[in-house]
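Okay, so here's the structure we're looking at.
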Amino acid sequence: MARRKKIYEGKAKILYEGPEPGTLVQYFKDDATAFNAEKHDVIEGKGVLNNRLSEFFMTGLNAIGVPTHFIKRINMREQLIRQVEIIPLEVVVRNTAAGSMSKRLGIEEGTALPRPIVEFYFKDDALGDPLVTEEHIIAFGWATQQDLDDMVALALRVNDFLSGVMLAVGIKLVDFKIEIGRIWDGDFMRLVVADEISPDSCRLWDVKTGDHLDKDVFRRDLGSLTDAYTEVAKRLGVLPTNVTHPTKPTLIN
Ligand code: TMP
């Protein structure tokens, strides 16, 4: 049997050639990295959970008219996606101060921000993904002013959707990162949400306890990453909560 052509391998995912032109297969690995891969571990089951969770968020976004690269999940670890031209920026939206923003600006983690703040980081591992301004982005030709306006609008729509979905299951969306890609339709270009949306790329805090339900569990050695991600998946109904209770249906009066 011919082997599939690998297009790209990143820290947490692999991209293979898809079944039709313009498509790719995105494979979710179990690898977890932090601090630009200085810290690395293999966490059994993480890829399966992120594949499911990313499917859930991307499907929801598609359904409300926020375009994404997602087409369909193929199996436990793989999904079919549209091939996009990734813009070399990480787009971060923050609702609450945490992580690098708290460090950089000396704001205590957990401080509510006056409004969602959108930041751009230049995707370059060798440089450690530095924070950049719109001036850098336009001057160096990574995106145009129009792209930037569209990216901010897209990121804020993702924020509204994700915040709502999370709050409904008792989780505060502190911040998240998305990547955005271009899809060409002849001469026309559209921006779509690409890569993944999962607890690897979000900060999720339990509303009641403040417990971390995201990759900070790994970054900060706070416990079991699989347990945290499973909790998110269960609350969202992405995983069955009670697998084997073959009770008879009960009539409710
Ligand atoms: P930060 O506070 O470390 O800048 O992270 C902001 C958000 O972006 C947080 O939700 C985690 C996510 N993130 C990634 O998805 N990939 C990364 O490489 C980094 C540094 C952060």
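Excluded from the calculations below are hydrogen atoms, water molecules and symmetry mates; all remaining heavy atoms, backbone and side chain alike, are included. Whatever order the structure lists ligands and atoms in, that order sets their numbers, starting from 1.
Residue Ser201 has at least one heavy-atom neighbour below 4.0 Å for each of these atoms of ligand 1: 10 (O), 12 (C), 15 (O). Ligand 1 places these atoms under 4.0 Å from at least one heavy atom of Phe176: 10 (O).
The shortest heavy-atom distance from Arg94 to ligand 1 is under 4.0 Å. Under the 4.0 angstrom criterion for non-hydrogen atoms, Arg219 is in contact with ligand 1.
The protein heavy atom nearest to atom 9 (C) of ligand 1 is Asp175 OD1, 3.1 Å. The single protein non-hydrogen atom nearest to atom 17 (C) of ligand 1 is Glu90 OE1, 3.8 Å, given as residue, atom name and distance. What sits closest to atom 5 (O) of ligand 1 on the protein, heavy atoms only, is Arg203 NH1, 3.5 Å.
Per-atom contact check: atom 20 (C) of ligand 1 does not touch the protein, criterion being a heavy-atom distance below 4.0 Å.
In this structure, CG on Leu80 lies 5.0 Å from OG1 on Thr23, to the nearest 0.5 angstrom.
Under the 4.0 Å criterion applied to side-chain N and carboxylate O atoms, Lys172 and Asp206 are not assigned as salt-bridge partners.
Residue Glu9 forms a side chain to side chain donor-acceptor pair (under 3.5 Å) with just one option from Lys6, Lys11, Lys13, and that option is Lys6.
When the options Gly99, Ala97, Ser100 are ranked by their closest heavy atom to atom 1 (P) of ligand 1, first place goes to Ser100. Closest to atom 13 (N) of ligand 1 by heavy atom, among Lys11, Lys177, Met101, is Lys177.
In this structure Glu231 satisfies the side chain to side chain contact (heavy atoms under 4.5 Å, CB included) test together with Leu213, Arg235, sequence neighbours excluded.
Other residues, nucleotides and ligands place no more than 12 heavy atoms under 6.0 Å from the NZ atom of Lys103.
Residue pairs that meet the ring-ring contact (aromatic ring centres under 6.0 Å, His included) test with at least one member in residues 25-49, sequence neighbours left out, do not exist here.
The aromatic rings of Phe122 and Trp142 sit parallel, their planes meeting at an angle under 30°, below the 60° perpendicular limit.
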